[in-house]
Amino acid sequence: MKVVLQAILGSISIHIIYVVVMMLVGYIKTKTYKPDIENAWGKVENLQNEVAFVSVMPPHFYVLSFLGVSVICGIVILSYEKLMN
């Protein structure tokens with residue numbers, strides 16, 4: 001039971017770190033973006049007129065991701081314990 005709880009905590013930690021890193025990358029890209037307005041006028045016909053703000057993943061994807069990472073964490077924990085004994 002201890003390994004299962006450790007695997008779940010590992011999975012939660014990995015998912016939280018992933019979300020935080022993705023938010024930081026987006027923030028940094030947004031802050032450092034400098035549009036090239038001068039050259040954009042030369043390619044007016046290629047500019048988009050529609051914007052997609054978000055793509056929605058189905059909820060079962062997150063559950064499968066969480067379970068998959070938990071299983072991988074469990075395997076790593078069990079392998080580490082066998083290696084150390």
Side-chain angles (χ1 to χ4, degrees):
M1 192 62 155
K2 181 180 176 184
V3 174
V4 173
L5 290 175
Q6 288 176 340
I8 291 172
L9 287 176
S11 180
I12 290 171
S13 300
I14 290 170
H15 280 84
I16 288 173
I17 290 169
Y18 175 77
V19 169
V20 169
V21 167
M22 289 297 109
M23 289 176 68
L24 284 174
V25 167
Y27 177 77
I28 292 169
K29 283 185 172 184
T30 301
K31 284 304 222 183
T32 60
Y33 177 70
K34 293 185 178 27
D36 188 13
I37 297 172
E38 209 170 285
N39 289 332
W41 284 108
K43 299 182 268 179
V44 174
E45 66 276 357
N46 294 332
L47 296 178
Q48 294 181 353
N49 59 1
E50 295 180 4
V51 177
F53 285 103
V54 68
S55 63
V56 178
M57 298 295 280
H60 65 274
F61 174 78
Y62 296 111
V63 173
L64 292 175
S65 169
F66 179 76
L67 290 175
V69 173
S70 294
V71 168
I72 292 170
C73 286
I75 292 170
V76 169
I77 291 168
L78 286 174
S79 300
Y80 179 77
E81 287 179 355
K82 283 188 178 185
L83 200 66
M84 289 298 146
N85 289 336

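- Here the NZ-OH distance, from Lys31 to Tyr33, works out to 15.0 Å after rounding to the nearest 0.5 Å.
- Taking hydrophobic clusters as Ile, Leu, Val, Met, Phe, Trp and Tyr residues chained together by side-chain heavy-atom distances below 4.5 Å, Tyr18 shares a cluster with Val21.
- Closest approach of Ala7 to Ser70, counting heavy atoms only: CB-O, 3.3 Å.
- For Ser13 (side chain) and Leu9 (main-chain N/O), a donor-acceptor pair under 3.5 Å exists by modelled atom type.
- In this structure, CD1 on Ile75 lies 8.0 Å from CG on Leu78, to the nearest 0.5 angstrom.
- One hydrophobic cluster, built from ILVMFWY side chains closer than 4.5 Å, holds both Ile17 and Val25.
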- When you look at Val71 and Leu67, which way does the side chain to side chain contact (heavy atoms under 4.5 Å, CB included) test go after all the steps? CA-CA 6 Å; Val71 168; Leu67 290 175; 5.5 Å; no

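- Contact record, Thr32 with Ile28: OG1-O, 2.8 Å, taken as the closest heavy-atom pair.
- Residue Met22 places its CE atom among more than 12 non-hydrogen atoms of other residues, nucleotides or ligands, all under 6.0 Å distant.
- For the atom pair Phe66 CZ and Ile8 CD1, the distance stands at 5.5 Å (nearest 0.5 Å).
- Under the 4.5 Å side-chain heavy-atom criterion for grouping Ile, Leu, Val, Met, Phe, Trp and Tyr, Val4 is connected to Ile12 within one hydrophobic cluster.
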